[in-house]
2 protein chains.
Amino acid sequence: MANPLVRKLEHGAPLSDEEKDALAKLMVGARPVGAHEDLIAEGDAPEHVHVVLEGFACRYKMLPDGGRQIMAWLVPGDFCDLHVSLLGEMDHAIATLTPSVIAFLPRNGLEVLAEDHPTLTRALWWATLVDEAVLREWLVNMGRRPSPQRIAHMFCEVRARLHAVDLAPDAIMEFPLSQTDLADSAGISSVHVNRVLQQLRDEGLITWRGGVLQVLDVGALEAFAGFDANYLHLKGPPASHAH
Amino acid sequence: MANPLVRKLEHGAPLSDEEKDALAKLMVGARPVGAHEDLIAEGDAPEHVHVVLEGFACRYKMLPDGGRQIMAWLVPGDFCDLHVSLLGEMDHAIATLTPSVIAFLPRNGLEVLAEDHPTLTRALWWATLVDEAVLREWLVNMGRRPSPQRIAHMFCEVRARLHAVDLAPDAIMEFPLSQTDLADSAGISSVHVNRVLQQLRDEGLITWRGGVLQVLDVGALEAFAGFDANYLHLKGPPASHAH
DNA sequence: CGGGCTTTTGAGCCAAATCAAAAATAGTGG
DNA sequence: CCACTATTTTTGATTTGGCTCAAAAGCCCG
């Protein structure tokens with residue numbers, strides 16, 4: 001199975017085999033990390049670029065009162081800190097949500113490679129801009145959708161994003177987050193998350209058990225949540241990959 | 001008074017006089033627009049890049065139930081649609097909030113200029129990444145801060161951003177938004193916005209009258225809101241500009 | 001099989017929504 | 001410059017979605 005980073009970037013620009021190989025070869029490390037471990041702290045300026053290869057991580061900020069807001073889920077193929085070289089330092093932290101595998105790319109190596117390959121540069125910036133588009137949709141989700149629709153929308157999105165890297169066949173996916181993590185993502189209490197999940201199960205939209213999420217009827221869940229995948233900019237059906 | 005776009009970009013990278021001139025000359029149009037007019041619709045792929053020169057605009061999405069979520073305020077110097085060439089089409093709409101002046105830059109011209117000027121390219125991507133950082137903070141704001149702190153935080157941010165383009169001397173600024181627009185930005189009802197504003201006034205933190213917002217004590221408001229400007233990545237005190 | 005986490009249930013409460021109307025402001029045309 | 005509208009802002013009364021507090025039940029694993 002191909003590298004999830006490569007699989008993802010192919011949605012952004014048509015990479016040549018040479019570019020794909022060069023990118024894969026740049027990944028110098030692949031370290032397994034446990035659940036709920038901090039990878040990068042606010043204020044850091046990591047030397048390497050981190051990429052999630054397996055599992056789920058997140059961007060988050062802590063508030064003075066101890067509250068935590070998760071601002072993004074990072075799924076296989078997602079960069080953690082591509083933006084650091086331009087912004088100087090992290091303005092938020094990165095942690096794993098589940099046991100994960102994290103790879104590293106030397107920042108210099110990536111920059112040199114990108115200089116020689118405009119298509120790769122396009123793909124990298126495409127990925128950054130899609131992250132921004134996802135953030136906008138999360139804001140809409142928080143601001144305007146009641147909690148059942150909000151949680152449902154998050155499930156629709158994660159299904160679509162995992163599908164784009166071939167990790168959600170038949171709308172069944174590994175999704176071993178805790179309800180507390182979901183609560184910190186959706187901006188509601190974990191008690192309320194629990195009640196909302198019961199409702200989504202009762203309505204026959206999903207099952208979620210033992211860390212495996214199944215969307216029983218993608219169309220129905222998307223209709224319920226008011227989900228439209230346009231903001232993911234995946235440009236048509238996911239590319240099929242020869243093996 | 002220099003161009004607000006140039007003033008803003010200088011926070012991101014040290015532009016040469018040649019770059020600043022070239023950028024200013026690229027601005028082919030500067031059209032006055034009334035309040036509450038749509039500039040760009042979801043699904044559009046505008047040929048020119050739009051920049052706000054005066055007034056306030058916003059990014060927003062409409063929901064099926066008629067609700068509107070504003071996801072970003074665009075102040076003088078901000079791009080509306082720099083990302084369109086990479087993402088293909090707008091996944092949200094842009095409208096003015098107040099009477100504004102909007103300028104245009106030919107997309108090709110900007111790209112050619114950027115190709116010849118790596119520093120300018122850096123500045124443009126810096127601006128994009130700061131937009132993303134602001135979005136993250138808005139998400140924290142929506143998810144975790146009670147409404148008085150939330151509104152206060154938005155005022156702190158807009159003061160800092162306007163200050164960065166020299167438009168908020170002494171923490172007094174033109175800010176002629178309606179309470180409804182503020183409500184659609186903060187994700188609360190306009191009735192509640194009104195009550196929150198009374199509270200902020202009663203506590204002596206702000207005045208807001210006739211479209212002019214005054215922050216009476218910047219430190220006090222920032223402490224109240226839990227505001228930390230690090231996410232704006234302005235890198236130290238705003239540059240002073242020779243005239 | 002016992003300790004620690006995560007999920008689930010129950011009861012009471014509060015921030016913010018809704019609905020409805022009045023007061024204040026800002027435009028607009030005569 | 002003023003009357004006439006239309007929009008905003010403000011107030012009041014009521015309802016509600018989601019929170020907090022607290023405890024029970026289930027689960028994972030050594």
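Since this is a predicted model, take the numbers as computed values, not measurements.
Put simply, the side chain of Glu174(B) does not reach to within 4.5 Å of the side chain of Leu167(B), judged on heavy atoms. At least one side-chain heavy atom of Ile188(B) sits under 4.5 Å from a side-chain heavy atom of Ile151(B). Residues Val140(B) and Arg145(B) form a side-chain contact, since some pair of their non-hydrogen atoms from C-beta on lies under 4.5 Å apart. Asp38(A) is listed as a side-chain neighbour of Tyr60(A), based on a closest heavy-atom distance under 4.5 Å.
Although no hydrogens or angles enter the test, the distance criterion places no donor-acceptor pair under 3.5 Å between the side chain of Thr96(B) and the main chain of Ala57(B). Checking side-chain atoms of Gln69(A) against main-chain N and O of Asp184(A) turns up a donor-acceptor pair under 3.5 Å. With Asp91(B) contributing its side chain and Asn230(A) its backbone, the two residues share no donor-acceptor pair below 3.5 Å. Using modelled atom types, no side-chain atom of Arg59(A) and backbone atom of Arg136(B) make a donor-acceptor pair closer than 3.5 Å.
Regarding Leu197(A), its CG atom lies at a distance of 15 Å from the P atom of dT6(C), rounded to whole Å. The separation between His192(A) atom NE2 and dC19(D) atom P is 6 Å, rounded to whole Å. Going from atom CZ of Arg209(A) over to atom P of dT8(C) covers 9 Å, rounded to whole Å. Atom pair Leu182(B):CG and dT10(D):P shows a separation of 12 Å (rounding to whole Å applied). Atom pair Gln198(B):CD and dA16(C):P shows a separation of 15 Å (rounding to whole Å applied). Going from atom CD of Gln199(A) over to atom P of dG18(D) covers 9 Å, rounded to whole Å. Per the geometry, NE2 belonging to His36(B) stands 18 Å off P belonging to dA6(D), to the nearest Å. Between the CD1 atom of Ile188(A) and the P atom of dT7(C) there is a distance of 13 Å, given to the nearest Å.
Two end axes, each from the C1' atoms of five base pairs, can be drawn for the helix from dC1(C)-dG30(D) to dG30(C)-dC1(D); they diverge by 60°, to 10 degrees.
If you look at His50(A) and Phe79(A), their ring centroids are not closer than 6.0 Å. Taking the ring centroids of His163(B) and His11(B), they lie at or beyond the 6.0 Å cut-off.
Contacts between residues 142-158 of chain A and DNA chain D, counted as heavy-atom distances below 4.0 Å, involve Pro146(A), Ser147(A).
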Would Asn3(B) and Met27(B) satisfy side chain to side chain contact (heavy atoms under 4.5 Å, CB included), going step by step from the backbone distance to the final call? CA-CA 10 Å; Asn3(B) 188 309; Met27(B) 296 198 188; 3.2 Å; yes
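Distance from the side chain of Val191(A) is smallest for dA22(D) among the nucleotides dC19(D), dA22(D), dG12(D). For Asn194(B), counting side-chain heavy atoms from C-beta on, the closest listed nucleotide (dT11(D), dG18(D), dT9(C)) is dT11(D). Distances from the side chain of Gln179(A) to the nucleotides dG18(D), dT10(D), dT7(C) place dT7(C) closest. Counting only heavy atoms from C-beta on, Ser178(A) has its side chain closest to dT6(C) among dT8(D), dG18(D), dT6(C).
The pair Asp181(A)-Arg68(A) counts as a salt bridge, with a side-chain nitrogen and a carboxylate oxygen less than 4.0 angstrom apart.
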Expected string for nucleotides 23-30 of chain D under the B/S/- scheme (protein heavy atoms, under 4.0 Å, primed atoms plus P, OP1, OP2 as sugar-phosphate) is --------
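Both Thr180(B) and Arg195(B) lie close to DNA chain D; mapped to their nearest nucleotides by heavy-atom distance, the more 5′-ward contact belongs to Thr180(B). Each of Leu177(A) and Val196(B) was assigned the nucleotide of DNA chain C with the nearest heavy atom; the assignment lying further toward the 5' end belongs to Leu177(A).
Using a 4.0 Å heavy-atom criterion, one finds that Ser189(A) contacts the bases of the nucleic acid, with or without backbone contacts as well.
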